[in-house]
Amino acid sequence: MSVDMNLTRAQFDEVMVPNYAPAAVIPVRGEGSRVWDQQGNEFIDFAGGIAVNCLGHCHPALVGALKEQGEKLWHLSNVMTNEPALALATKLVNATFAERVYFANSGAEANEAALKLARRYALEQFGADKDQIIAFDKAFHGRTFFTVSVGGQAAYSDGFGPKPQSITHVPFNDIAALEAVISDKTCAIMLEPLQGEGGIIDADPAFLKAVRTLADKHNALVIFDEVQTGVGRTGDLYAYMSTDVVPDILTTAKALGGGFPIAAMLTTAKIAEHLKIGTHGSTYGGNPLACAVGNAVMDVVNTAEVLEGVKHREQLFRDGLNKINAKYHVFSEIRGKGLLLGAVLNEQYQGRSRDFLVASVAEGLMILMAGANVVRFTPSLVIPEADIAEGLARFERAVAKVVAA
Ligand SMILES: *Cc1c(COP(=O)(O)O)cnc(C)c1O
């Protein structure tokens, strides 16, 4: 098809809404952590579709699940339930604090459900005054109007008319600032246990504890947005599992489908009760096709082999990036956890993460930014060690070019 229609990047500007600025290359095929473009150029994938392709491209277990379900049943709507959804919900309940699952199609949708549930819960348990949502600067929770308003970058929510109300932002990891704004009117505190889009910023253990303690004191719910950190990304199935804090609501998406759109909101039975029949819903949420793939992802990822492998690969990345930095002096710090890593640009390279990204593409490597000052790596959780070595060699050449330019 691409040959017949002679599809090019230039056409993007003619037929697509201009809200993205995609790279010049058009990938057409992927296998594991390698991707090929229209001209057959090969790329090592350290981006993983923004922390989505947790098992690389076209993993046999996921392709198998998709093909098998694709020949059985794709869609029913929530007028009827289906076996893949029941199986996946059971796996998520067995593997986490949660007792109830709501399926959606994207991270933003799962977060939208979480926020609506928190508001409902507070309204029905404590009255209409209890509607304040506390969130954090630089947080990212998706692009629906509610979630983008809860997110911590006003630039993303400005310019669309009146915003949802009663949302308060405070600096991340700032216990005093949180204490200053929380009250009995607070219905929920929403946060990423490790901020992704905001620059790969880990939550301090003391801060997380304070979030839980203050929320409990004021009968507020704690919502963990694990859309990016979830499904093995940090070396635990969910990032909360290596903290002392258990959330009341957790959202998961991105890696949950390994590249097929699916998301879920997890919570307790007591809280879930407040999304009564008819209060919320989604046409595609929990469809058999997506859930079949989600089941395959969970079966592969939630194993000691894969989760331990993430920690081992993290070390390979850290060692490699530190070596590059010892030679070229571009980073002030390598931060993050598991395979959600950020190389923070030092004083001299402030604002230039895009230059590193562009130079990497030219060397046959796909990486990401997390803001203008952080180069982000979110590869497949099972990326072969040889691909890590080759990708880092390409990254070193890209860094050398940026430094020499
Ligand atoms: C990507 C992301 C979202 C939004 O997910 P979509 O699937 O794009 O709607 C929400 N929260 C976090 C933490 C994310 O990284």
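First listed ligand is number 1; within each ligand, the first listed atom is number 1.
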Strictly below 4.0 Å, N to O, side chains only: are D236 and K337 in salt-bridge contact? yes

Below 6.0 angstrom between ring centroids: does that apply to Y284 and H75? yes

Taking non-hydrogen atoms only, is N111 closer than 4.0 angstrom to ligand 1 via side chain, backbone, both or neither? side chain

From the options V222, T186, I182, select the one residue that forms a side chain to side chain contact (heavy atoms under 4.5 Å, CB included) with L214. I182

Considering only NZ, NE, NH1 and NH2 on the basic side and carboxylate oxygens on the acidic side, decide whether K209 and D204 come within less than 4.0 Å. no

Which ligand 1 atoms, with their elements, are less than 4.0 angstrom from a heavy-atom of A108? 4 (C), 5 (O), 6 (P), 9 (O)

Taking only Lys NZ, Arg NE, NH1 and NH2, and the carboxylate oxygens of Asp or Glu, determine whether E314 and R318 approach each other closer than 4.0 Å. yes

Between V382, L381, I383, which is the residue that forms a side chain to side chain contact (heavy atoms under 4.5 Å, CB included) with P379? I383

Should the pair R34 and F43 be classed as cation-pi, given the thresholds of under 6.0 Å to the six-membered ring centre and 45° from the axis? no

Is it true that H280 and Y102 have ring centroids separated by less than 6.0 Å? yes

Does any N or O atom in F140 lie less than 3.5 angstrom from one in ligand 1, N or O only? yes

Are any of the N/O atoms in E109 less than 3.5 Å from those in ligand 1? no

Against heavy atoms of K254, which atoms of ligand 1 measure under 4.0 Å? 1 (C), 2 (C), 3 (C), 14 (C), 15 (O)

Interfacing atoms of ligand 1 (cut-off 4.0 Å, heavy-atom, H141): 10 (C), 11 (N)

Has ligand 1 got any nitrogen or oxygen that is less than 3.5 angstrom from a nitrogen or oxygen of G107? yes

Considering only heavy atoms of D225, which atoms of ligand 1 have at least one such atom less than 4.0 Å away? 10 (C), 11 (N), 12 (C), 13 (C)

If you count the atoms of ligand 1 from 1 in the order shown, which ones are under 4.0 Å from a heavy atom of E192? 13 (C)

Strictly less than 4.0 Å: does any protein heavy-atom distance to atom 8 (O) of ligand 1 fall in that range? no

Any atoms of ligand 1 less than 4.0 Å from a non-hydrogen atom of S106? List them with their elements. 7 (O), 9 (O)

Which atoms from ligand 1 have a heavy atom of G142 less than 4.0 Å away? 4 (C), 10 (C)

Could you tell me whether Q228 and ligand 1 have an N or O pair separated by under 3.5 Å? yes

Thinking salt bridges, do K116 and E112 make one under a 4.0 Å N-O criterion? no

